[in-house]
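Everything on this sheet refers to the single structure shown next.
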Amino acid sequence: MISIVICSREKAISQQLIDNIEKTVGVQFELIVIDNSQNNYSIFEAYNLGIEKSKGEYLCFLHDDIQIHTQNWGKILESIFQNDAKIGLIGVAGTKVKTKMPSAWWDCSDEELQINIIQHFPNKDKEHWKKGFINSNLVDVVIIDGVFMVGRKIDGILFNKELQGFHNYDLNLAFEYLKKNYKIVATNEILLEHFSLGVLNKSWFASTVKIHKLYNKTLPLNLSKIDLKILEFKNGVKFIEGLIKVKMKKEAFYVWLKLIGLKPKSKFHFKLVGDLFK
């Protein structure tokens with residue numbers, strides 16, 4: 001059985017989503033909705049509560065603003081897990097690389113991305129993002145996106161209680177499965193539509209700084225053949241610029257120190273000094 005856990009921003013999820021799950025999942029399931037309408041829980045706390053309540057062999061964490069288009073997606077997931085006991089976590093979007101430098105999971109080249117999702121934008125038409133999956137419908141990755149995460153229920157794998165807020169729970173879960181030596185995969189056999197877009201605000205930057213400190217020894221992660229040093233520097237620069245924009249100059253300074261160690265000679269260092277002290 002699949003335990004479907006949803007952290008709801010309303011007292012209850014929409015009947016439309018309930019109907020969508022019932023009509024498409026194709027296997028026995030239980031629906032666990034955590035009412036977070038009063039903002040009583042972080043996403044980490046809400047999902048841990050869902051795990052505690054769950055009875056299924058597999059845990060499916062879904063956003064409350066999606067529509068799944070694939071019929072019998074539950075059977076697809078069960079087949080993937082049953083065919084490889086080392087697979088611990090499945091998503092529909094992910095990457096083959098994650099830098100030690102703080103960054104969003106998608107901050108890499110298109111060659112590392114594996115995505116199959118219909119994404120909506122504010123005041124803009126939706127787009128069907130299709131990247132990767134060149135030789136297979138199932139690809140090993142190191143991180144998946146939190147919109148759709150399905151994990152094998154394993155004793156000891158929970159969301160980190162030291163993390164708060166509503167960001168980076170997907171990195172958190174991926175890191176926990178990797179620490180237990182399970183594989184993470186992305187599949188293009190399940191298509192869903194996502195009706196909102198995440199915002200990289202100050203709370204996201206603060207969360208990203210913290211999770212990279214907590215899992216410093218886990219990183220970097222790389223299943224590709226890219227020059228990771230180049231991507232590390234690129235991601236470091238991008239993250240520092242973002243920190244400065246949200247007025248987190250102290251955090252930007254400490255990330256910059258790591259960047260200097262990575263590449264002591266760069267024109268960026270001179271630019272950053274001006275941005276930090278103006």
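Computed from heavy atoms alone, side chains included, the values below leave out hydrogens, waters and symmetry copies.
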Worksheet item: How far does NZ of K180 sit from CD1 of I157, to the nearest 0.5 angstrom?
Response: 6.5 Å
Practice prompt. Using a strict cut-off of less than 4.0 Å between a Lys/Arg side-chain nitrogen and an Asp/Glu carboxylate oxygen, indicate whether D140 and K96 qualify as a salt bridge.
Written response: no
Response to the item:
Rounded to the nearest 0.5 angstrom, the NZ-CD distance for K131 and E111 is 9.5 Å
Worksheet entry | Near-ring test W256/F239, centroid separation under 6.0 angstrom | no
Item to complete: Give me the ring orientation class for F175 and Y215: parallel if the planes are under 30° apart, tilted from 30 to 60°, perpendicular past 60°.
Response: tilted
Worksheet entry | F159-F61 aromatic ring centre distance below 6.0 Å | yes
Worksheet item: Using 4.0 Å as the upper bound for N to carboxylate O, is an ion pair formed by D65 and R9?
Response: yes
Worksheet item: Is there a donor-acceptor contact under 3.5 Å linking the side chains of H212 and K98?
Response: yes
Worksheet item: What distance do S109 atom OG and L231 atom CG have between them, rounded to the nearest 0.5 Å?
Response: 7.5 Å
Worksheet entry | Spatial distance of atom CD1 (I117) from atom NE2 (H128) [nearest 0.5 Å] | 9.0 Å
Fill in: Interatomic distance, S3 atom OG to L59 atom CG [nearest 0.5 angstrom]
6.0 Å
Practice prompt. Step through it carefully: locate the ring centre of W129, locate the ring centre of F121, and say whether they are under 6.0 Å apart.
Written response: yes
Item to complete: State, with a plain yes or no, whether a side-chain heavy atom of N172 is found less than 4.5 Å away from one of I211.
Response: yes
Response to the item:
side-chain hydrogen bond (donor to acceptor under 3.5 Å, both in side chains) filter on T218, not counting sequence neighbours, yields none
Discussion item. Does the plane of the ring in H120 sit parallel, tilted or perpendicular to the ring in F195? Use 30° and 60° as the thresholds.
Written reply: tilted
Fill in: For H63, all residues meeting side-chain hydrogen bond (donor to acceptor under 3.5 Å, both in side chains), sequence neighbours excluded
Y169, H194
Worksheet item: Under 6.0 Å from the six-membered ring centre of Y58 and within 45° of its axis: does the NZ or CZ of K153 meet both?
Response: no
Discussion item. Would the distance check show the side chain of Y41 and the main-chain N or O of D35 forming a donor-acceptor pair, the cut-off being under 3.5 Å?
Written reply: no
Discussion item. Between L228 and I230, is there a side-chain heavy-atom distance shorter than 4.5 Å?
Written reply: no
Fill in: Minimum side-chain heavy-atom gap L223-E112 below 4.5 Å
no
Discussion item. Salt bridge or not between K238 and E241? Use side-chain N to carboxylate O under 4.0 Å.
Written reply: no
Worksheet item: Would a distance-only check, ignoring hydrogens and angles, find a side-chain to backbone donor-acceptor pair under 3.5 Å from S136 to V139?
Response: no
Practice prompt. Identify whether the distance between the nearest side-chain nitrogen and carboxylate oxygen of K126 and E193 falls below 4.0 Å.
Written response: yes
Worksheet item: Is a side-chain donor or acceptor of T95 paired with a backbone partner of L113 at a separation under 3.5 angstrom?
Response: no
Worksheet item: Are V92 and D145 close enough that some pair of their side-chain heavy atoms sits under 4.5 Å apart?
Response: no
Worksheet entry | E232 side-chain N/O to M101 backbone N/O, donor-acceptor pair under 3.5 Å | yes
Worksheet item: Could you state the interatomic distance from CG (N116) to OG1 (T187), rounded to the nearest 0.5 Å?
Response: 8.0 Å
Practice prompt. Please indicate whether Q16 has more than 12 foreign heavy atoms, meaning atoms of other residues, nucleotides or ligands, lying under 6.0 Å from its CD.
Written response: no
